[in-house]
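No hydrogens, no waters, no symmetry mates; every other heavy atom, side chains included, goes into these values. What you see is a predicted model; the values in this text were computed from it and never measured.
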Amino acid sequence: MADALYDIAEPGESKAKEACAGRAVGIDLGTTNSLVAAVRDASPVSLPDAEGRMLLPSAVRYRADGAPIVGREALAAAALYPHDTIVSVKRFMGRGPKDAETTRRFTPYRFVEGDGPVVKFAVAGPREVTPMEVSAEILRALKVRAEVALGGPLEGAVITVPAYFDDAQRQATRDAGRIAGLEVLRLLNEPTAAALAYGLDKKSEGMFAVYDLGGGTFDISILKLTGGVFEVKSTGGDTALGGDDFDRALAELIVAKTGGDAATMSASAQRALLDQARAIKHQLTTEETVLLDTRPESGSVTRAEFEAAILPIVARTAAACKRAMKDAGIDRGQLDGVILVGGATRVPAVRAFVEELFGHEPLADIDPDQVVALGAAVQADLLAGGGPREDVLLLDVIPLSLGLELMGGVVEKIIPRNSTIPTGAKQTFTTYADKQTGFDLHVVQGERETVNECRSLARFQLKGIPPMAAGMARLEVTFLVDADGILRVMAREQTTGQESSVEVKPSYGLTEEQIEQMLFDSYEYAEEDLTARLLAEARVEAERILAALAGALVSDGRLLSAEERTAIEGTMAGLAEAVKAGDHHAIRKRTSELDLQTKPFAERRMNEGINRAIGGHQVDEIGDRVEHAKGTAAHEGPGGGH
Ligand code: ADP
Ligand code: MG
């Protein structure tokens, strides 16, 4: 039926539309939660998982065998498998083992020793995984979810990143997308995505503050919007401030009320307490009072008490906001709007605080924990050419200047920060010593003047220049930043007219081969994932048949001879055995055996059921009566009446 309808539509046109529209997604790859959205019927919507949930906790648990577990289930077992469950992996993107981010933080992870460019976790398997691979697991889970929801393979994805992410962190995010088998259409700044979700585009102009309070991070960005260009004027925040701190403050309040002692609690009791605190925190967003237990006498927490406990934490966001406005060269009177992002901004006291701070009632009618993904979906739709808004020009800017190290560790900026992307620049350099036959080039990113205070992005060499006197060689260096803010550097010696090839060896990120290996690994797992799904489906089907048959044996067992019954019960036991053993081929085989074997039983039951319904007549007789009734109807004509 559906096929027939499909053929009636103009095949070429409708199929082309179907292939493009709605198959590009936006992904918010968050520190705490991740989610995926797509434009459907001209507006962006989040895509739910099988249980209808939008947020996927950004947690990945590796196991000794089998594919990693992603999301809620991984998070729930994090305390049991502290080394194998990676949470907040976003903090490690684009970071090396010697990076402050890796060494500073107290984490339960086992980092692989070494000074390679990429930090690695040693996890069950045993395996060594990079942050890109961990993120790829999260992305893959969202990809599968989106493919199910949209009914087919994805065209591509826009993935969001914090505005302050440097080139290495962006490249790592892009690599994660590739490992997950996604076509990354573009990386998009999170505040820009939020602004897009609110429909701020070509038609809007002005200064906007985006206040993003997530689970463990606080980001403030000031965006300037002119003629479709989003310029990040300034960013700031605190990488150790978020809703998790509210949980801890509330947990302390609960302990104080119930007279416990957090210091002497077991680790699992502490975990349980924090979970309880988070649940109560969520309730207090909409309710004034929440009971600590089902029994009223065990006490309650009021919203006012909670607000008093978190106020010092919320107040810590003020300094960063003021600094960001100062950096952007504006005061709050010059702001045209404030946008709320992040689950923790659902807390009414946070909203009130933001309003007070900026003197603006913040925009909050889009779910703050979905707004970034929704904006990314709008952008993805534009890039995939789906929506009617193809005319919207949307440009982003590079967040930090890109440059080269010169003699003496000084940095020469080639592309200044806030250049709109894509962008490029050329600069010419010369040799510093006589008879120099090569150049060492060191690409850095940052605003500081000395190389030690900038981030090292790549080192490469240009060799094969004929020996010349100092100052004679002319080296032209080209920097190109593509629409994702990702950099390519090329160098050419000009005086000799001779082109030398250069190889950029990034000191971060992954080589082509590494990515290929990871893609390969992921295919291996993909097969495993598929097997797991086939098994799950086969099991469900088998269990359904076994349950139905068990019921039928009780109600209609008398329709079977003793031998028939024994035979069926034998096959049932065999199938139950196969379900336990977990081989989907065996389960399928026995399911069809059982199906075939019980056909006569099913027929007898059906006959009997019909007989019962018509009060003892034989089925053949009924057939006659139906024929007869039809004949009568035909005779009387379609109207049926006189
Ligand atoms: P991230 O950007 O770090 O991935 P999210 O934007 O998803 O994080 O925010 C997660 C935080 O939001 C958590 O601390 C969570 O408890 C909090 N949160 C989510 N929903 C609510 C709510 N209804 N009330 C209060 N806090 C909430
Ligand atoms: Mg976020």
With a 4.5 Å cut-off on side-chain heavy atoms, are F246 and V314 touching? yes
Before giving the answer on side-chain hydrogen bond (donor to acceptor under 3.5 Å, both in side chains), spell out for T345 and Y211 the whole-Å C-alpha distance, their side-chain angles and the decisive distance to 0.1 Å. CA-CA 8 Å; T345 64; Y211 181 101; over 6 Å; no
Flag, side chain of T217 to backbone of G214, donor-acceptor distance under 3.5 Å: no
What distance do I220 atom CD1 and K322 atom NZ have between them, rounded to the nearest 0.5 Å? 12.0 Å
Side-chain (R140) to main-chain (I179) donor-acceptor, under 3.5 angstrom: yes
Atom CD1 in I222, atom CG in L335: separation rounded to 0.5 Å? 5.5 Å
Spacing of L340 atom CG and D365 atom CG [to the nearest 0.5 Å]: 10.0 Å
Side-chain contact, heavy-atom cut-off 4.5 Å: T130 with K120? yes
Tell me, with the steps shown, if V119 and Y109 meet side chain to side chain contact (heavy atoms under 4.5 Å, CB included). CA-CA 11 Å; V119 60; Y109 307 128; over 6 Å; no
Taking C-beta and beyond as the side chain, do T258 and D293 meet within less than 4.5 Å on heavy atoms? no
Shortest non-hydrogen contact from A24 toward A380: CB-O, 3.7 Å
Test side chain to side chain contact (heavy atoms under 4.5 Å, CB included) on V232 and Y164; report intermediate values, then the result. CA-CA 9 Å; V232 181; Y164 58 78; over 6 Å; no
Least distance between heavy atoms, N33 atom then P57 atom: OD1-CA, 3.6 Å
So for atom NZ, which belongs to K326, do other residues, nucleotides or ligands contribute more than 12 heavy atoms lying within a distance under 6.0 Å? no
Please answer whether the main-chain N or O of L29 pairs with a side-chain N or O of K90 as donor and acceptor at a distance below 3.5 Å. yes
Is a side-chain donor or acceptor of R346 paired with a backbone partner of P368 at a separation under 3.5 angstrom? no
Non-hydrogen atoms of P348 and E307 that approach each other most closely: CB-OE2, 4.5 Å
Quick one: does R145's side chain have a donor or acceptor within less than 3.5 Å of a partner on M54's backbone? yes
When you check the gap from the basic side-chain N to the acidic O, do R248 and D244 get nearer than 4.0 Å? no
Assign the ring pair F121 / F111 to parallel, tilted or perpendicular, where the plane angle (0 to 90°) is split at 30° and 60°. tilted
Given 3.5 Å as the limit, does a donor-acceptor pair link the side chain of E252 with the main chain of A249, or not? no
Using a 4.5 Å cut-off on heavy atoms from C-beta on, say whether the side chain of L182 contacts that of I27. yes
Please round to the nearest 0.5 Å and tell me the distance separating atom OH of Y81 and atom CD1 of I86. 14.5 Å
Closest non-hydrogen atoms of S300 and E305, given as atom of the first, atom of the second and distance, are O-OE1, 3.9 Å
Surrounding CD of E73 (heavy atoms of other residues, nucleotides or ligands, distance under 6.0 Å), is the total greater than 12? no
Take T235 and D219, measure what side chain to side chain contact (heavy atoms under 4.5 Å, CB included) needs, and give me the verdict at the end. CA-CA 7 Å; T235 65; D219 300 327; over 6 Å; no
Is there a donor-acceptor pair under 3.5 Å between the side chain of R174 and the backbone N or O of V184? yes
A quick test of your reading: do over 12 heavy atoms of other residues, nucleotides or ligands sit less than 6.0 Å from CD of E361? no
Charged N to carboxylate O under 4.0 angstrom, D84 versus R110? yes
More than 12 foreign heavy atoms under 6.0 Å from CZ of R303: is that the case here? yes
Considering only heavy atoms from C-beta outward, does the side chain of F92 approach that of V134 to under 4.5 Å? no
Where the side chain of T286 meets the backbone of Q283, is there a donor-acceptor pair that is under 3.5 Å apart? yes
Going by side chain to side chain contact (heavy atoms under 4.5 Å, CB included), Q379 matches just one of V158, T160, T192. Which one? V158
D331 versus Q334: any side-chain heavy-atom pair under 4.5 Å? yes
Check D327 against S234 and note the closest heavy-atom contact, atom names and distance. CB-CB, 3.6 Å
Is the backbone N or O of D166 less than 3.5 Å from a side-chain atom of Q169, with the two atoms forming a donor-acceptor pair by type? yes
Test item: S34 and L139 side chains (from C-beta on) under 4.5 Å apart, heavy atoms: no
Test side chain to side chain contact (heavy atoms under 4.5 Å, CB included) on R170 and T173 and set out the steps. CA-CA 5 Å; R170 284 167 198 262; T173 306; 5.6 Å; no
Looking only at heavy atoms, what is the nearest atom pair of I313 and D245, with distance? CD1-O, 3.5 Å
Gap between atom CZ of F218 and atom OG1 of T239 - 0.5 Å precision: 12.0 Å
To the nearest 0.5 angstrom, please state how far the CZ atom of R271 sits from the CG atom of L80. 11.0 Å
Using a 3.5 Å distance criterion without hydrogens, assess whether the side chain of D367 forms a donor-acceptor pair with backbone atoms of D369. no
Side-chain contact test, heavy atoms from C-beta onward, threshold under 4.5 Å: evaluate it for I414 versus L402 and give yes or no. no
Do E51 and R72 meet the salt-bridge criterion of a basic N to acidic O distance under 4.0 Å? no
